[in-house]
Amino acid sequence: MTTKKRNRNLEKNYSPDNIEQKWYSKWIEAGLFNAEINPEAKAFSIVIPPPNVTGSLHVGHAFDHTFQDIMCRTKRMEGYSVLWLPGTDHAGIATQNVVEKDLAKKGISRYDLGREEFVKKVWEWKKIYGSRIIEQMKRLGNSCDWRRERFTLDEGLSKAVRAVFVRLYKKGLIYRGKYIVNWCPRCSTAISDLEVEYSEEQGKFYYVRYPLIDDDGYILVATTRPETIPGDVALAVHPRSEKYKNLIGKNVRVPLSDRIIPVIEDNMVDPDLGTGCLKITPAHAPDDFLIGLKHNLEQIQVIDSQGIMNEKAGKYKGMKIEDARREFVKDLEEAGLLEKTETITHSVGHCQRCGTTVEPYLSEQWFVKTKPLAERGVQAVKDGRIKWVPEQWEKTYFNWMENIRDWCISRQLWWGHRIPAWICKDCGHITVAENDPTECEHCHSKNINQESDVLDTWFSSALWPFSTMGWPDDKPELKYFYPTSLMVTGFDIIFFWVARMIMMGLEFMDDVPFRDVYIHSLIRDEHGKKMSKTKGNVIDPLVMIDKYGADALRMTLAALSVQGRDILLSSTRIETYRFFMNKLWNASRFALMNLDDEVHEIDINQLHMHDKFILTRTQEMASKVRELIDSYDIGTAARMLYDFVWGDVCDWYLEMSKPALKGDEGEERRKTTAGVLEEVFKTTLPLLHPFIPFVTEELWEAFGYGDEFIMKTSWPNPKSEYIFEGINEKMRILQDSVRTLRNLRAEAHVAPQQWLNKAVIRVNSDTETAKILTASLNQIENLCRVHDVILESLETVWTYGASLSSVTGDAEIKLPVGGVLDVEKEISRLKQEIETITKNINSSQARLNKADFVARAPAEVVEKERSKVSEGTAQIERLKANLESLSK
RNA sequence: GGGCGGAUAGUUCAGCGGUAGAACACCUGCUUUACACGCAGGGGGUCGUAGGUUCGAACCCUGCUUCGCCCACCA
């Protein structure tokens with residue numbers, strides 16, 4: 001005989017406040033999140049998508065983390081050795097911008113401080129905000145191995161970044177060159193194609209005349225950027241353009257200047273766009289740049305890195321782009337060179353971080369040659385080495401990877417991994433090395449300077465799955481936990497991050513970075529709007545945790561999670577799940593009030609139908625929830641648990657167990673019922689634990705199981721001795737009868753607490769229904785608050801006087817009401833009921849009348865229709881008999 | 001220009017081939033000793049639209065309407 005130390009003094013209402021903090025500290029103390037290399041166990045690993053150190057955790061993170069935590073906790077319970085590796089991202093531009101903004105408040109610019117001082121300031125910022133984010137993760141309940149926390153700019157990762165850079169460079173997969181890049185004049189740095197966000201905007205097409213040399217007339221060119229005309233070096237037309245064929249090879253004069261430029265042909269020109277003639281400005285437009293290279297044209301830069309016109313722009317020097325444009329157009333007009341303007345909508349690129357209009361800018365930059373890397377990445381998914389969930393994202397991935405362009409990785413910033421390249425002032429040679437060189441590797445001059453640019457922040461993120469585990473050193477962690485099992489992230493960073501991790505993982509580990517990648521939807525507000533600080537519709541997870549508790553927030557996010565649809569979150573939703581915590585708490589409180597210290601065995605022979613029902617359902621939950629979680633469907637799992645606890649356990653089982661627990665059914669029944677209750681909670685709490693870790697741990701202890709943390713228990717295996725075939729269907733008959741009788745009570749306006757004297761259930765005595773109901777009469781009396789429920793055959797002569805009647809299945813349920821029956825109302829109710837059933841019979845009959853249906857539909861479907869007809873017909877007969885007796 | 005996703009009760013969403021479900025909101029009645037963070041009951045939907053496949057369609061296929069997202073070098 002075992003006994004447990006139960007805590008029967010639970011507060012009446014659940015309060016998460018102290019409980020969550022308490023358990024989190026205990027878990028940490030006990031080292032329960034620590035990932036250990038255990039050759040005996042299978043590994044399960046996740047590296048966290050490192051949040052930016054720029055701010056605080058938002059509800060999107062909370063969702064992301066809840067999902068990962070549910071996976072990790074479940075896998076631990078399933079016996080895996082689990083690593084959930086946490087960390088944060090230095091977030092290059094984003095962080096530099098916030099710190100700069102912060103400094104600007106004090107009137108300081110980064111140039112005032114100088115590079116070294118400024119970077120020091122950012123590190124100070126990182127210290128404060130980075131640790132704040134970590135604290136927030138802990139409040140959520142994240143079961144990360146904090147001993148292994150990493151930062152994308154820490155020493156180990158810097159080593160990895162350098163190693164990767166050098167190896168890619170030596171392999172020819174990183175190159176440096178002067179190209180047109182996307183340039184943010186405000187951030188004063190190059191950005192990658194992905195960091196440009198396009199939006200449709202109103203703009204103007206200026207139709208400009210380029211006077212022909214040696215000929216009368218002019219060529220008309222449509223441009224949106226007249227201020228770049230001083231940078232023009234040619235006009236281009238399509239080689240097969242009828243309109244311009246004979247102008248190829250002629251020369252024109254650049255408007256408002258003396259420069260003469262040629263008319264060339266190039267098939268990149270779209271003859272149907274604008275006037276069909278394109279002005280070529282290689283320094284300020286990507287296409288023009290390519291055409292310029294092809295035709296060996298000069299690159300004349302007229303706008304500088306700050307978006308200001310330079311000396312090549314002549315009189316416009318010093319003007320901002322917009323001002324220069326206005327002035328230039330005015331001058332064109334005065335010179336009679338502007339034919340017309342036309343309003344158009346075109347898409348304009350903006351800097352992802354600051355919204356400034358992006359300029360195509362010619363500059364010296366570093367690039368990753370992505371094609372060869374991408375090919376392997378595509379192959380890995382095609383081979384099934386990486387699985388996308390939901391699968392649809394595979395297409396998006398392929399589409400991008402198959403059309404990938406080289407990745408501009410250099411940033412003219414101060415915060416980030418400085419590019420490990422040293423440029424020799426004497427011979428110009430570039431030395432790329434993992435360790436700081438002291439001399440030029442080519443001419444051995446000591447006169448070398450390190451490249452001042454830093455790397456795109458995503459460059460270091462791309463290495464995250466292996467750099468965090470000690471690469472390039474040969475660490476046992478790498479062997480054991482790499483490839484990681486799962487990557488959980490949003491679709492917004494599939495290209496930025498997921499694709500690049502795949503490429504880098506394959507290149508440097510020769511294996512995929514993760515087996516499965518789960519892409520979840522975005523969290524929006526209750527109206528479907530994207531949450532943003534400016535809109536003021538942000539739901540702060542920390543505020544929600546303070547208000548409702550972390551468990552409630554987690555359960556909400558889990559239950560709302562659906563594949564392929566945005567998630568709309570509101571605080572009333574969280575409230576619903578907050579109520580669920582209380583429900584679970586009180587159900588447990590009830591159980592504890594009725595459990596002895598002694599743990600009672602379940603005597604199978606003592607079980608009633610509802611005991612068998614709840615035992616069976618409990619075992620079903622153990623296997624179903626596990627299956628759902630293993631297939632990443634945590635939404636269904638959470639909702640199923642919610643319904644099970646609230647519906648099956650609380651609404652039905654706890655109510656039905658009351659008489660036995662009170663001792664009304666004898667001591668043996670009391671003990672067995674206690675045993676069932678114990679089994680239900682001992683199994684269900686662990687199933688709930690991954691979703692709501694805190695409250696389940698607290699209850700686990702209250703039940704007296706606290707010698708071992710619930711976190712450390714194994715996932716419950718369904719026990720076959722507690723699975724009773726067909727019990728759910730049997731239970732349904734009881735439930736339907738109860739519902740029908742309760743409905744009659746409500747019809748009769750009987751107050752819920754009032755006990756009625758008598759109710760009658762009439763059913764043929766040799767039926768299954770009769771058998772089930774006979775065994776459950778006490779339960780029905782109890783659940784419906786009727787002192788005496790009488791079961792009698794349908795043939796028995798009716799002797800109980802005026803009554804309300806209804807039917808369910810093959811039973812008729814009657815509630816005698818003495819002389820107070822409202823006959824009129826009862827008649828119309830019965831008629832209504834007859835009508836509904838008749839409609840159902842008719843639709844079933846109509847189907848059965850079709851030969852095709854009977855011939856082609858599966859036998860069981862046909863049989864179901866037949867029984868619906870026969871049962872319905874019988875029900876109508878009974879209802880009609882009741883009607884008749886009323887009409888008399 | 002390509003691609004993807006959504007359109008189901010007042011609202012937010014499940015369901016994805018066999019007679020429409022949940023939560024919230026709403027209505028009726030309740031201090032039923034686990035829980036008013038609750039209990040019991042109820043009203044409310046021709047499942048965007050037009051066709052097709054099928055014995056049978058909210059569910060599969062095709063067009064259309066509509067909302068949203070992503071990609072692409074419209075000068």
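Just so you know, these numbers use all the heavy atoms, side chains as well, and skip hydrogens, waters and symmetry mates. Everything quoted here is computed from the prediction, not taken from an experiment.
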If you check every side-chain atom of [X], which of [options] has the closest atom?
X        : options             : result
A/Arg785 : B/C73, B/U32, B/C35 : B/U32
A/Ala587 : B/A34, B/U19, B/C35 : B/A34
A/Phe590 : B/A34, B/U19, B/C39 : B/A34
A/Glu200 : B/A75, B/C69, B/C74 : B/C74
A/Asn13  : B/C39, B/C37, B/A72 : B/C37
A/Phe495 : B/A34, B/G41, B/C70 : B/C70
A/Lys864 : B/U19, B/C74, B/A34 : B/U19

Tell me what [X] touches on the nucleic acid: a base, only sugar-phosphate, or nothing, going by heavy atoms under 4.0 Å.
X        : value
A/Tyr198 : nothing
A/Arg739 : sugar-phosphate
A/Asp270 : base
A/Lys395 : sugar-phosphate
A/Arg578 : base
A/Thr576 : sugar-phosphate
A/Arg8   : nothing
A/Ala857 : base
A/Lys839 : nothing
A/Glu197 : nothing
A/Thr224 : sugar-phosphate
A/Trp646 : sugar-phosphate
A/Ile494 : nothing
A/Val854 : nothing

Over all atoms of both residues, closest heavy-atom pair of A/Thr740 and A/Val807: CG2-O, 4.4 Å
Could you tell me how the ring of [X] sits relative to the ring of [Y]: parallel (under 30°), tilted (30 to 60°) or perpendicular (over 60°)?
X        : Y        : result
A/Tyr397 : A/Trp388 : tilted
A/Tyr577 : A/Phe580 : perpendicular
A/Tyr632 : A/Tyr518 : tilted

Ion pair present between [X] and [Y], side-chain N to carboxylate O less than 4.0 angstrom?
X        : Y        : answer
A/Glu833 : A/Arg829 : yes
A/Arg578 : A/Glu575 : no
A/Arg745 : A/Glu747 : no

Say you pick atom [atom1] in [N] and the same atom in [M]; how far apart are they, in whole Å?
N     : M     : atom1 : result
B/G21 : B/G42 : P     : 13 Å
B/U53 : B/G15 : P     : 28 Å
B/C13 : B/A20 : P     : 23 Å
B/C4  : B/C64 : P     : 14 Å
B/U46 : B/G3  : C1'   : 34 Å
B/G6  : B/C60 : P     : 9 Å
B/A9  : B/C47 : P     : 10 Å
B/A25 : B/C39 : P     : 13 Å

Atom pair distance, as rounded to whole Å: [atom1] in [X] and [atom2] in [N]:
X        : N     : atom1 : atom2 : result
A/Asn582 : B/C39 : CG    : C1'   : 14 Å
A/Asn586 : B/G38 : CG    : C1'   : 9 Å
A/Asp648 : B/A22 : CG    : P     : 14 Å
A/Tyr577 : B/U12 : OH    : P     : 16 Å
A/Asn743 : B/G43 : CG    : C1'   : 13 Å
A/Glu227 : B/A75 : CD    : C1'   : 13 Å
A/Gln202 : B/C74 : CD    : C1'   : 16 Å
A/His238 : B/C74 : NE2   : C1'   : 16 Å

Donor-acceptor pair (no angle test) under 3.5 Å: [X] side chain, [N] base:
X        : N     : result
A/Glu575 : B/A23 : no
A/Lys583 : B/C35 : yes
A/Arg573 : B/U12 : yes

Under 4.0 Å: is that the gap between some side-chain N or O of [X] and OP1 or OP2 of [N]?
X        : N     : result
A/Lys12  : B/G38 : no
A/Lys658 : B/U33 : no
A/His346 : B/A75 : yes
A/Arg639 : B/C13 : no

Examine the side chains of [X] and [Y] and answer whether a donor and an acceptor come within less than 3.5 Å of each other.
X        : Y        : answer
A/Glu197 : A/Ser199 : no
A/Lys279 : A/Thr228 : yes
A/Asp406 : A/Tyr179 : no

Given that A/Met581 and A/Met593 both sit by RNA chain B, which one's nearest nucleotide is further toward the 5' end? A/Met593
Return the 5'-most residue of the pair A/Pro858, A/Asn399 with respect to RNA chain B, ranking by each residue's nearest nucleotide. A/Pro858
Determine the stems involving RNA chain B; a stem requires 3 or more consecutive pairs of the Watson-Crick or G-U wobble kind, each with both distances below 3.5 Å, and the answer is none if no such run exists. B:1-7 with B:65-71, B:10-13 with B:21-24, B:26-30 with B:38-42, B:48-52 with B:60-64
Quick check: A/Trp646 with A/Tyr642 (ring centres under 6.0 Å apart)? yes
Could you tell me if the side chain of A/Thr696 sits less than 4.5 Å from the side chain of A/Phe691, heavy atoms only? no
